[in-house]
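The structure appears below as structure tokens.
Just so we're clear, the structure is a prediction, and the values are computed from it rather than from any experiment.
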Amino acid sequence: MKMSIKSGIISIVILAMALLAVVPSIFTVQTGEVVAVRQFGVVREAVPPGIHFRLWFIHSRERFDVRVREVDLNFATYSIDAQSVQGQVSIQYHLHPHAVVTVTEEFGRLEMLESRLHAMLLQEIQNVFASSPAMQLVEHRAELSGNIQRRIGYIADQFHVTITAVALEHLQFSPAFEYAVEQRLIAEQERDRALVFANQQLEVARLEAQAVTVRARADAEALEIMQQAWGDLGEAVREIMLRQLAIESWDGVLPQVVADSNFSLILDSMG
């Protein structure tokens, strides 16, 4: 009886020890994670999402998030022409899943990698803004995000990450420079309006000149037609038309002085 009790206790102890060894050795890797497994401190493998078994007293585990991560980097520097520049750049990136073993050997944990990565990214961002005049930064602001992404490409390779997006969220200069930029924009707008008005006036003048030319041409053609018509009329008909024109143009007041033979024509027309 004592032997059976003793055997039962031993079995329970063995079972408990087995459970203590087995249960902690079972672990789950979630989607978007990769786990680096160390065996006696040496990185041996990276395991993908799923359920896995590694003896806990032989192996240790380090989890890495390989989903897209985002960091907002605030910077302050000077442009090449000594204008103060401040801003914020948002960068999205993700760790290469197949590089987890290498990252573990080089950096240990993801936090250590990101700390050094962010510091180098910030330095290169400042270099981008420090290498151009302030006005050029303003004029080509839309291109700055692409310039930054190209500039930090080599850093991504060093840290085994892929840069998926770069966005310049905020950009600010000194109040004096921003005022100068505003005044320049106002001057350019006024110049553009003046050019538009000048072009409109030139178009009006061109149309008026064209109309004058058309009227002059029409008058010349009408005069030519009239001269030809008068030449074709007989002497008697021309005399009748002259009398009619005189009647139509007379204002009803007799002239004070008549010095030629046309007086008889006027008197005849009055009768």
Side-chain angles (χ1 to χ4, degrees), residues 24-25 27-50 52 54 56-80 82-132 134 137 141-174:
S25 299
F27 63 96
T28 301
V29 180
Q30 302 294 334
T31 300
E33 289 183 334
V34 175
V35 172
V37 178
R38 298 176 182 268
Q39 183 176 343
F40 298 114
V42 179
V43 183
R44 296 296 185 186
E45 61 177 331
V47 294
H52 302 275
R54 301 292 187 277
W56 64 270
F57 51 87
I58 296 177
H59 302 92
S60 62
R61 305 185 294 269
E62 184 70 39
R63 292 181 180 271
F64 288 85
D65 189 346
V66 295
R67 293 170 296 185
V68 173
R69 301 168 71 82
E70 182 173 353
V71 59
D72 294 327
L73 299 175
N74 297 305
F75 67 90
T77 186
Y78 288 91
S79 63
I80 198 171
Q83 296 291 337
S84 64
V85 187
Q86 298 179 4
Q88 183 183 82
V89 176
S90 176
I91 300 178
Q92 294 182 350
Y93 63 93
H94 66 83
L95 184 66
H96 297 160
H98 61 271
V100 165
V101 171
T102 303
V103 169
T104 306
E105 293 173 344
E106 294 180 0
F107 301 97
R109 303 180 62 186
L110 180 59
E111 290 77 8
M112 292 296 298
L113 178 147
E114 289 187 320
S115 177
R116 294 175 61 182
L117 171 64
H118 296 171
M120 290 194 67
L121 290 175
L122 180 59
Q123 182 62 48
E124 285 302 319
I125 289 171
Q126 291 175 329
N127 290 339
V128 169
F129 288 91
S131 61
S132 300
L137 294 175
R141 176 169 179 167
E143 304 171 9
L144 290 175
S145 295
N147 293 341
I148 294 171
Q149 187 161 0
R150 287 188 292 273
R151 183 75 174 256
I152 64 179
Y154 78 97
I155 299 177
D157 295 336
Q158 289 182 4
F159 287 86
H160 312 287
V161 300
T162 296
I163 306 294
T164 58
V166 175
L168 178 60
E169 301 290 349
H170 177 65
L171 186 63
Q172 181 178 354
F173 298 88
S174 66

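- Contact annotation: the side chain of Ile152 approaches that of Val166 to within less than 4.5 Å [non-hydrogen atoms, C-beta and beyond].
- Atom CD in Gln83 sits 10.0 Å away from atom CG in Leu137 (nearest 0.5 Å).
- Atom CZ of Arg109 has 12 or fewer heavy atoms from other residues, nucleotides or ligands within 6.0 Å.
- Within the 4.5 Å cutoff, the side chain of Glu70 has heavy atoms near those of the Asp72 side chain.
- Between Ile155 and Glu124 the shortest side-chain heavy-atom distance falls below 4.5 Å.
- Taking all atoms of both residues into account, the shortest heavy-atom contact from Val85 to Ser79 is CG2-N, 3.9 Å.
- Scanning for salt bridge (Lys or Arg N to Asp or Glu O under 4.0 Å) contacts around Glu45 gives Arg54, with sequence neighbours left out.
- When side chains are defined from C-beta on, Val34 does not count as touching Leu95, because their heavy atoms never get closer than 4.5 Å.
- Panel note: side chain Ser131, backbone Val128; a donor-acceptor pair is recorded below 3.5 Å.
- Distance check: His160 NE2 to Phe64 CZ gives 11.0 Å after rounding to the nearest 0.5 Å.
- Closest approach of Gln30 to Arg63, counting heavy atoms only: N-NH1, 4.5 Å.
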Donor-acceptor contacts, no H, no angles, side chain residues 111-120, under 3.5 Å, sequence neighbours left out:
residue, atom, partner, partner atom, Å
Glu114, OE1, Arg69, NH2, 3.2
Glu114, OE2, Arg69, NE, 2.4
Glu114, OE2, Arg69, NH2, 3.3
Glu114, OE2, Tyr93, OH, 2.6
His118, ND1, Glu114, O, 3.4
His118, NE2, Tyr93, OH, 3.1

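- Within the 4.5 Å cutoff, the side chain of Val66 has no heavy atoms near those of the His94 side chain.
- In this structure, OH on Tyr78 lies 8.5 Å from CD on Gln86, to the nearest 0.5 angstrom.
- Considering only heavy atoms from C-beta on, Ile148 comes within 4.5 Å of Phe129 through its side chain.
- Although no hydrogens or angles enter the test, the distance criterion places no donor-acceptor pair under 3.5 Å between the side chain of Ser90 and the main chain of Ala167.
- Listed here is the closest heavy atom pair of Asp65 and Gly32: OD1-O, 3.2 Å.
- Put simply, NE2 on His170 and CZ on Phe75 are 8.5 Å apart, with the number rounded to the nearest 0.5 Å.
- Across Val43 and Arg38, no two heavy atoms sit closer than the pair CG2-NH1, 3.6 Å.
- Atom CD of residue Gln88 and atom CG of residue Leu168 lie 9.0 Å apart, to the nearest 0.5 angstrom.
- Interatomic distance, CZ of Arg151 versus CG of Asn127, reported as 5.0 Å (0.5 Å rounding).
- With hydrogens and angles ignored, the 3.5 Å screen pairs a side-chain donor or acceptor of Thr164 with a backbone N or O of Gln92.
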Check: Could you go step by step and tell me if Val35 and His52 meet the side-chain contact (heavy atoms from CB on, under 4.5 Å) rule?
Finding: CA-CA 10 Å; Val35 172; His52 302 275; over 6 Å; no
